[in-house]
Amino acid sequence: MAELLLPWYRRCGRHDLPWRKTQDDYALWLAEILLQQTQVRTALPYYGRLLAHFPRWQDLASAPLDAVLAQWSGLGYYARARNAHRAAQMVVRDHGGRFPKDRASAMALPGVGRSTAAAVLASAYGQDEAILDANARRVLFRTAGLVGEPRSAANDRRLWQLAAMETPRGTAHDYNQAIQDLGAIHCRSRRPDCPGCPLRPRCRAAARPELLNRYEQTHRSDRPQRYATLLLARDAAGRVLLHRRPEHGIWGGLWSLPILDASQILTDPDQRAQALERYASACGLRLKAQSLDPVRRHLFSHFQLEYAVLHAQLRAEVVADGDSGLVCQDIGSALGLGLPSPIRRLLEQLD
DNA sequence: GAGTCGTGGTT
DNA sequence: TAACCAAGACT
């Protein structure tokens, strides 16, 4: 496969991607983290922004987590940001400020699994390490003519064996990039472009089109529906009340609107007033209910949220204190925090 | 093995 | 509109 892939890669590969122009272990690691479950187009602006704010291991390691989350805001899978922050601290403290050079030490870093470790070891240090990301998985699954679920334990073992077998000595880095580009350009998940594919001569699925359609991800069970009522409280100066999410769980560590009710949309005005009263007294605030926005919808990877925003007038001064996880900030400052995407959009509309 | 964890683009 | 899913890791 390498003999077919590498000439094609030199001719048709995506050589303009910024992480292909560096040999810096930090930049290459950062790119791999950003690209986990994330399309190249989406990750690109975040890569530039994060490198500008945190150019080296030391800069990321010594930054406050809040500053890292602020730059990660909108990209999703925020555990990656927390793990990356911790990993940078481990690299500085335990590995002399260099990405570790052996697979076991690399995989001991939070957020670095086998494929990410392999990708960095190959690209930064030229090691003969095979990757198995979604692209390599799909390409190998098809060329080998496998059937069944690509993520089953049996296929997983087989695919890692194939990946190791096909990865050439000495040029693993180029080969890894090549198979990813092939997956993005020709061997796409849907509507694969076989006619122009350099692997067509040795691809079992291309020879037997009924196999092409065998590539199906594990069936995702239906997203359960959840409901919530969020609180948008503003004081006389227009500052907005924000609440820091707990470290674990959805939107972990990000700043969001306080949740007035985590299980339902409070359509009844009396219920709203009651819930607001309870919340105000629990937090030591004075709040007066105003209007309820129309219902909005947000899709997560594993559930669907329908929520409404209750506007309220905030009377008392809120002092920023870390313990309560509450702050009151003007819109401009709030937009500089680590916010989930729908909350960011909401605040931008107020501005 | 299955569930958790986001978001935006494509079809 | 709704479904699909992308340079996965962790619990």
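Predicted model, so just to flag it, every value in this text is computed and none were measured. The figures here come from the full heavy-atom set of this structure, side chains too, leaving out hydrogens, waters and symmetry mates.
- Between C/dA9 and B/dG9, the distance separating the two C1' atoms is 23 Å to the nearest Å.
- Inspection of the A/Q177 and A/R20 side chains reveals an N or O donor paired with an N or O acceptor under 3.5 Å.
- At whole-Å resolution of the value, CZ in A/F303 and P in C/dA3 are 17 Å apart.
- Counting to the nearest Å, the C1' atom of B/dT7 and the CG atom of A/L44 are 15 Å from each other.
- With B/dT11, B/dT7, C/dA7 as the candidates, the nucleotide lying closest to the side chain of A/D133 is C/dA7.
- Taking the charged nitrogens against the carboxylate oxygens, A/D261 and A/R272 have no contact shorter than 4.0 Å, which rules out a salt bridge.
- Side-chain proximity of A/D181 to C/dA7, C/dG8, B/dT7: nearest is C/dA7.
- Annotation: B/dT7 and C/dT11 have their C1' atoms spaced 22 Å apart (nearest Å).
- Separation of the C1' atoms belonging to C/dA7 and B/dG3 is 22 Å when rounded to the nearest angstrom.
- A cation-pi arrangement is found for A/R49 relative to A/Y46, the charged atom lying closer than 6.0 Å to the ring centre and inside a 45° cone about the ring normal.
- A donor-acceptor pair shorter than 3.5 Å cannot be found between the side chains of A/R86 and A/Q89.
- Residue A/S115 places no side-chain N or O under 4.0 Å from the OP1 or OP2 atom of C/dA9.
- Distance A/I250 CD1 to B/dT7 C1': 11 Å, rounded to the nearest Å.
- Residue order along DNA chain C, read from the 5' end via each residue's closest nucleotide, puts A/A31 first among A/A31 and A/V112.
- A close approach under 4.0 Å does not occur between any side-chain nitrogen or oxygen of A/R82 and OP1 or OP2 of B/dC5.
- If A/A153 and A/R80 are placed on DNA chain B by their nearest nucleotide, the residue sitting closer to the 5' end is A/A153.
- For A/S301, counting side-chain heavy atoms from C-beta on, the closest listed nucleotide (B/dG6, C/dA9, C/dA7) is B/dG6.
- Nearest-nucleotide mapping onto DNA chain C: of A/W19 and A/L109, the residue sitting toward the 5' end is A/W19.
- Taking only side-chain nitrogens and oxygens, A/R188 never comes nearer than 4.0 Å to OP1 or OP2 of B/dT11.
- Between C/dC10 and B/dG1, the distance separating the two C1' atoms is 14 Å to the nearest Å.
- Residue A/Y78 is the one, among A/R41 and A/Y78, whose nearest nucleotide of DNA chain B lies closer to the 5' end (criterion: closest heavy atom).
- As judged by a 4.0 angstrom heavy-atom cut-off over every strand, A/R245 is placed among residues making no nucleic acid contact.
- Contact check, A/S189 against C/dA6: a side-chain N or O comes under 4.0 Å of OP1 or OP2.
- Defined by atom type and a distance below 3.5 Å, a donor-acceptor pair is present between the side-chain atoms of A/D25 and A/W57.
- When the C1' atom of B/dC5 is taken as reference, atom CG of A/L69 falls 14 Å away, rounded to whole Å.
- Between A/E149 atom CD and B/dA2 atom C1' there is a gap of 12 Å when expressed in whole angstrom units.
- The separation between A/Y77 atom OH and C/dC10 atom C1' is 12 Å, rounded to whole Å.
- Among the atoms of the strands shown, only primed sugar atoms or phosphate atoms (P, OP1, OP2) are found under 4.0 Å from some heavy atom of A/G249.
- With sequence neighbours excluded, the residues satisfying ring pair (Phe, Tyr, Trp, His ring centres under 6.0 Å) with A/F303 are A/F300.
- Comparing the same atom, C1', in C/dC5 and in B/dC5 gives a spacing of 15 Å after rounding to whole Å.
- Partner of A/E129 under the salt bridge (charged side-chain N to carboxylate O under 4.0 Å, His left out) criterion, out of A/R169, A/R103, A/R114: A/R103 alone.
- Contact check, A/H298 against B/dT7: a side-chain N or O comes under 4.0 Å of OP1 or OP2.
- One finds no side-chain N or O of A/T42 lying less than 4.0 angstrom from the OP1 or OP2 phosphate oxygen of C/dA6.
- For C/dG8, one of the phosphate oxygens OP1 or OP2 lies less than 4.0 angstrom from a side-chain nitrogen or oxygen of A/Q37.
- A/L34 comes within 4.0 angstrom of no nucleic acid atom, judged by non-hydrogen atoms across all strands.
- At whole-Å resolution of the value, CZ in A/R114 and C1' in C/dG8 are 14 Å apart.
- Distance CH2 (A/W251) to C1' (B/dC5): 12 Å, rounded to an integer number of Å.
- Look at A/R191 and you'll find a side-chain N or O under 4.0 angstrom from OP1 or OP2 of B/dT11.
- Between A/H302 and the phosphate of B/dC5, there is a side-chain N or O to OP1/OP2 separation shorter than 4.0 Å.
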